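All figures in this text were calculated on a predicted structure; none of them were measured in a lab. Counting starts at 1 for both ligands and their atoms, following the listed order.
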Amino acid sequence: MTVIRNLFLTASVASVAVAGSGDNLKSCLKYALPDIGSVAFPGDLFYQAVDVNRYNLNIHVTPAAVTFPTSSQQVAAVVKCAADNGYPVQAKSGGHSYGNYGLGGTDGAVVVDLKHLQQFSMDSTTWVATIGSGTLLGDVTQRLHDAGGRAMSHGTCPQVGSGGHFTIGGLGPTSRQFGAALDHIVEAEVVLANSSIVTASDTKNQEIFFAIKGAASGFGIVTEFKVRTEPEPSTAVKYEYTLKVGSTKERASLFKKWQAYVSDPKLTRKLASTLTLLEDSMVITGTFFGTEEEYNTLNIGSQWPGVNGSAIVFQDWLGLVGNWAEEAVLQLGGGVPSNFYSKSTAWTPSNLMDSDTIDKMFQYIDSADKGTLAWFILFDFQGGYTNDIPTDATAYAHRDVLIWLQSYSINLLGSVTQTQINFLDQLNTLVTNDKTPYSAYPGYVDPLMANGPEAYWGSNLARLQQIKEEIDPKNVFRNPQSPSPAN
Ligand SMILES: Cc1cc2nc3c(=O)[nH]c(=O)nc-3n(C[C@H](O)[C@H](O)[C@H](O)COP(=O)(O)OP(=O)(O)OC[C@H]3O[C@@H](n4cnc5c(N)ncnc54)[C@H](O)[C@@H]3O)c2cc1C
Ligand SMILES: *[C@@H]1O[C@H](CO)[C@@H](O)[C@H](O)[C@H]1NC(C)=O
Ligand SMILES: *[C@@H]1O[C@H](CO)[C@@H](O)[C@H](O)[C@H]1NC(C)=O
């Protein structure tokens, strides 16, 4: 059957072949992916809007082809077509990279859209789940729930893909208790640059396993994850404290109280917390994973007197995850594409901002020309389990971070302006005391950052470049900021 179909396709490809530089690539891909609609090229109807479908509208990318394989073997065949013809390759899972790196991040890549890789199963003895790398986070949550009330740590936006999220970090409200999403991976199936399909784990292909847990986009395509899971939390309390407006001094004072509270090393891992700055308010939100009685004993409200707070108790996990998703929509529009720019940086327990720097940060924020009202800054409290893992155990290198900063500036009318970019740039310079290279979260890619790889992978970069040299010396898997081969 397959043989006959392939023979037929060879014939039809030959008959439709047209002259052009991408000709060999085209015929190779059409042969590798015989099903109708499983490969698209520039010039095809709705190519840009449907097949490419950029998330960050500010970054223009035209891939050489977008492919939709249905199996690991087809992924391998696509990689072979691209590598043989000298094209870079990037996998696309949820397509939510801030730099459109799932589309290559720059023109001319062969995109491997993983949306058909949806396999799922649960081993109810070990509670290890097998998850296809095209599965979006919302479906991960639902499928784990349906398979015995299980869960794993990951971020809060349901449209983000497991492929790009589990391989770059994956920080979410339960990470302080259970680690980043990538800390859950016990095994992965990976397609390499020479188009072989390998299994990577603590006992097989360990260097590849190291690389895909934090830097996969430069090393291969994960087609399937095996992840450990946790019982889903049965009860949780979601709290929210809002300071409407407030003077610069009041805002700085509230920030200092929050930073002091979350930097207490004795603070329970069951508590997640984020401080958000917006044009007209400052909000402290988070989830406590425990009962209302336990939550009340924390007496969080007493930390910030005079600030209005509220709390909701959740008895069902899906309801809580749905509530986080609504918040994600309020911030970046969730799954909806827009023009935006974002930066990140981080503090460890030993280099937290001092009181003077916090004052300067608020003076700056309250006086700078931001170029828009649609900006916001998140301060995410991390640490806990995520920091129990040694820095050299996975490519993800930021095991000492206590607080992540994420800043965003959106333009609803068109391209992001230089004023918007400058606002976020200068903020980062100010809060890190101009220390370069500073840390940046590799999941919040910042294509304008000159020292991207150093900031993303820190002390693990040299080892990644060595592994790259061994398994992908021609740099088949690349985007503008992936590790380059050591030479
Ligand atoms: C609204 C929103 C909310 C977010 N919230 C969080 C959050 O709470 N916590 C957090 O940690 N992050 C969060 N992120 C960041 C998110 O984790 C990253 O953008 C992530 O890389 C997106 O993955 P993706 O599959 O959707 O994107 P894609 O663009 O498809 O992929 C991103 C990168 O990963 C590579 N990749 C994708 N699949 C594979 C694979 N199978 N094998 C190898 N490489 C692969 C791609 O080639 C690309 O380089 C958020 C992003 C958005 C837009
Ligand atoms: C708290 O809420 C009350 C009533 O809605 C309001 O008048 C007050 O300004 C709020 N205080 C703060 C600090 O936001
Ligand atoms: C493909 O690359 C891997 C990693 O370098 C190597 O172990 C394997 O032998 C290669 N396979 C083939 C068929 O060349």
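Which parts of ligand 1 touch Tyr444 is read off a 4.0 Å heavy-atom cut-off, strictly below it: atoms 6 (C), 7 (C), 9 (N), 10 (C), 12 (N), 13 (C), 14 (N), 15 (C). Of all atoms in ligand 1, numbered sequentially from 1 with element shown, those under 4.0 Å from a heavy atom of Lys92 are 30 (O). Interface of Gly102 with ligand 1, defined as ligand atoms under 4.0 Å from a residue heavy atom, comprises 29 (O), 46 (C), 48 (C). The ligand atoms of ligand 1 that sit less than 4.0 angstrom from a heavy atom of Ser133 are 41 (N). The ligand atoms of ligand 1 that sit less than 4.0 angstrom from a heavy atom of Gly94 are 24 (P), 25 (O), 26 (O), 30 (O). Under a 4.0 Å criterion applied to the non-hydrogen atoms of Gly163, ligand 1 contributes the atoms 36 (N), 37 (C), 38 (N), 39 (C), 40 (C), 41 (N), 45 (C). Close contacts of ligand 1 with Tyr55, meaning ligand atoms under 4.0 Å from a residue heavy atom, involve 1 (C), 53 (C).
Taking distance alone, with nitrogen or oxygen atoms compared against 3.5 Å, Ser97 approaches ligand 1 more closely than that limit. Distances between N or O atoms of Ala91 and those of ligand 1 include at least one value under 3.5 Å. Considering backbone and side-chain N/O of Gln90, one or more are found under 3.5 Å from N/O of ligand 1. At under 3.5 Å, not a single nitrogen or oxygen of Tyr98, backbone or side chain, sits near a nitrogen or oxygen of ligand 1.
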>> Run Glu207 and Lys468 through salt bridge (Lys or Arg N to Asp or Glu O under 4.0 Å) and show every step you take.
In response: CA-CA 10 Å; Glu207 288 299 282; Lys468 179 82 175 166; over 6 Å; no

>> If you apply the rule side-chain hydrogen bond (donor to acceptor under 3.5 Å, both in side chains), what do you find for Tyr408 with Tyr444, and how did you get there?
In response: CA-CA 10 Å; Tyr408 296 86; Tyr444 304 140; 5.0 Å; no

> So Glu187 and Ser201, side-chain hydrogen bond (donor to acceptor under 3.5 Å, both in side chains) or not? Walk me through it.
Replying inline: CA-CA 5 Å; Glu187 191 181 297; Ser201 69; 5.0 Å; no

> Would Gln382 and Arg399 count as a side-chain hydrogen bond (donor to acceptor under 3.5 Å, both in side chains) if you check the C-alpha gap in whole Å, the side-chain angles of each, and the deciding distance to 0.1 Å?
Replying inline: CA-CA 10 Å; Gln382 276 298 326; Arg399 299 298 185 175; over 6 Å; no

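Counting heavy atoms closer than 4.0 Å to ligand 1, residue Phe219 contributes nothing at all. Contacts between Ser217 and ligand 1, counted as non-hydrogen atom pairs separated by less than 4.0 Å, involve both the backbone and the side chain. Contact annotation: for Leu114 versus ligand 1, heavy atoms closer than 4.0 Å belong to the side chain alone. With a 4.0 Å cut-off on non-hydrogen atoms, Cys157 touches ligand 1 through its side chain and not its backbone. Residue-level proximity to ligand 1 for Asn100 is absent, since no heavy atom of it falls below 4.0 angstrom.
Within a 6.0 Å radius of NZ in Lys80, other residues, nucleotides and ligands contribute 12 heavy atoms or fewer.
Although no hydrogens or angles enter the test, the distance criterion places no donor-acceptor pair under 3.5 Å between the side chain of Ser175 and the main chain of Leu171.
Within the structure, disulfide (SG to SG under 2.5 Å) pairs that include any residue of residues 65-120 comprise Cys28-Cys81 (at least two apart or interchain).
Relative to the ring axis of Phe314, Lys238 does not place its NZ or CZ within 45° and under 6.0 Å from the centre. With a 6.0 Å cutoff to the six-membered ring centre and a 45° limit on the axis angle, Arg463 counts as a cation-pi contact of Phe210.
When all heavy atoms of Tyr396 and Gly169 are compared, the closest pair comes out as CD1-CA, 4.2 Å.
Between atom 28 (P) of ligand 1 and the options Gly164, Ala215, Gly95, the minimum heavy-atom separation is to Gly95.
Remark: the Gln481 side chain and the Tyr456 side chain contain an N/O donor-acceptor pair separated by less than 3.5 Å.
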For ligand 3, find each of its N or O atoms that sits under 3.5 Å from a protein N or O atom, and tabulate the pairs with distances to one decimal place.
residue: ligand 3; atom: 2 (O); partner: Asn194; partner atom: ND2; Å: 2.3
residue: ligand 3; atom: 11 (N); partner: Asn194; partner atom: ND2; Å: 2.9
residue: ligand 3; atom: 14 (O); partner: Asn194; partner atom: ND2; Å: 3.3

